[in-house]
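Inspection log for the structure reproduced underneath, given as structure tokens.
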Amino acid sequence: MDLYIKHTKDLTSQELVQIYQERIRVFVVEQKCIYQEVDDYDQNAIHMILRNGDDIVAYTRIIAFEQYVSFGRVLVNENYRNHGYGRKIVNDTIAKINEMYQNTTIKISGQAHLKSFYESFGLHRVSGTYLEDGIPHIAFEMRTEN
């Protein structure tokens with residue numbers, strides 16, 4: 001397994017297409033959620049890609065806003081689930097945010113059924129459950145360690 005960390009502008013067109021294919025496979029097709037999966041945030045994101053050869057095993061993207069940093073599109077390829085790769089990619093993503101951004105808040109919108117998973121990383125629930133694209137979500141936050 002190899003972890004690749006790339007800004008959108010540094011991805012090859014083949015890498016970008018593969019990322020979009022995997023995200024659409026998980027979030028649109030598998031979860032049966034019709035929404036605009038590719039968005040403007042992709043233009044200036046940092047992509048965390050865990051690979052096994054040509055396969056994307058797990059993925060997240062980091063987006064920096066003026067007042068906080070967010071990560072999302074957390075996925076594990078269905079062929080690699082239940083082996084700890086979700087935990088690895090989220091750990092690596094939080095570590096990268098801690099490395100790049102000092103004294104900031106991390107804010108995410110996580111699917112509600114993953115509440116205990118996100119809390120296990122030190123993220124704290126800061127909202128009730130709400131619908132985002134028809135799927136129950138919860139807002140979480142934490143401070144960077146720097």
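Position 1 is the first residue of the sequence; numbering continues from there. Values below: every heavy atom of this structure, side chains too, minus hydrogens, waters and symmetry copies.
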Looking at Phe121, is Arg87 sitting on its ring face, NZ or CZ under 6.0 Å from the six-membered ring centre and within 45 degrees of the normal?
-> yes
Hydrophobic cluster identity match, [X] and [Y], side-chain contacts under 4.5 Å:
X: Leu3; Y: Met1; result: yes
X: Leu75; Y: Tyr35; result: yes
X: Tyr4; Y: Ile56; result: yes
X: Val17; Y: Ile24; result: no
X: Tyr130; Y: Ile135; result: no

Is a side-chain N or O of [X] found less than 3.5 angstrom from the main chain of [Y], in a donor-acceptor match?
X: Thr144; Y: Thr104; value: yes
X: Glu78; Y: Arg25; value: no
X: Arg73; Y: Tyr59; value: no
X: His83; Y: Tyr85; value: no
X: Thr60; Y: Val74; value: no

Measuring from [X]:[atom1] to [Y]:[atom2], what's the distance to the nearest 0.5 Å?
X: Met48; Y: Asp92; atom1: CE; atom2: CG; value: 5.5 Å
X: Asp55; Y: Glu22; atom1: CG; atom2: CD; value: 8.5 Å
X: Leu50; Y: Ile5; atom1: CG; atom2: CD1; value: 10.5 Å
X: Gln111; Y: Phe27; atom1: CD; atom2: CZ; value: 7.0 Å
X: Gln43; Y: His7; atom1: CD; atom2: NE2; value: 10.0 Å
X: His124; Y: Glu119; atom1: NE2; atom2: CD; value: 9.0 Å

So do the side chains of [X] and [Y] get within less than 4.5 Å of each other, counting heavy atoms only?
X: Met142; Y: Ile106; result: yes
X: Pro136; Y: Leu131; result: yes
X: Val90; Y: Phe117; result: yes
X: Arg61; Y: His47; result: yes
X: Asn77; Y: Val57; result: no
X: Ile19; Y: Leu11; result: yes

If I compare all heavy atoms of [X] with all of [Y], which pair ends up nearest, and what's the gap?
X: Ser127; Y: Ala139; result: OG-N, 2.9 Å
X: Ile63; Y: Ala45; result: CG1-CB, 4.4 Å
X: Ile138; Y: Arg125; result: CG2-CG, 3.4 Å
X: Thr93; Y: Ile89; result: OG1-O, 2.6 Å
X: Glu141; Y: Thr105; result: OE1-CG2, 3.9 Å
X: Ile108; Y: Phe71; result: CG2-O, 3.3 Å

Dump the intermediate steps for side chain to side chain contact (heavy atoms under 4.5 Å, CB included) on Ile49 and Glu15, then the final yes or no.
-> CA-CA 10 Å; Ile49 312 147; Glu15 288 170 324; 5.8 Å; no
Are any of the side-chain nitrogens in Asp42 or Arg23 under 4.0 Å away from the carboxylate oxygens of its partner?
-> yes
Anything under 30° is parallel, anything over 60° is perpendicular, the rest tilted; go ahead and classify Phe65 against Tyr41.
-> perpendicular
CA sep, side-chain torsions, deciding dist, call: Asn44, Lys9, side chain to side chain contact (heavy atoms under 4.5 Å, CB included) | CA-CA 8 Å; Asn44 194 30; Lys9 66 180 171 32; over 6 Å; no
Please indicate whether Asp54 has more than 12 foreign heavy atoms, meaning atoms of other residues, nucleotides or ligands, lying under 6.0 Å from its CG.
-> no
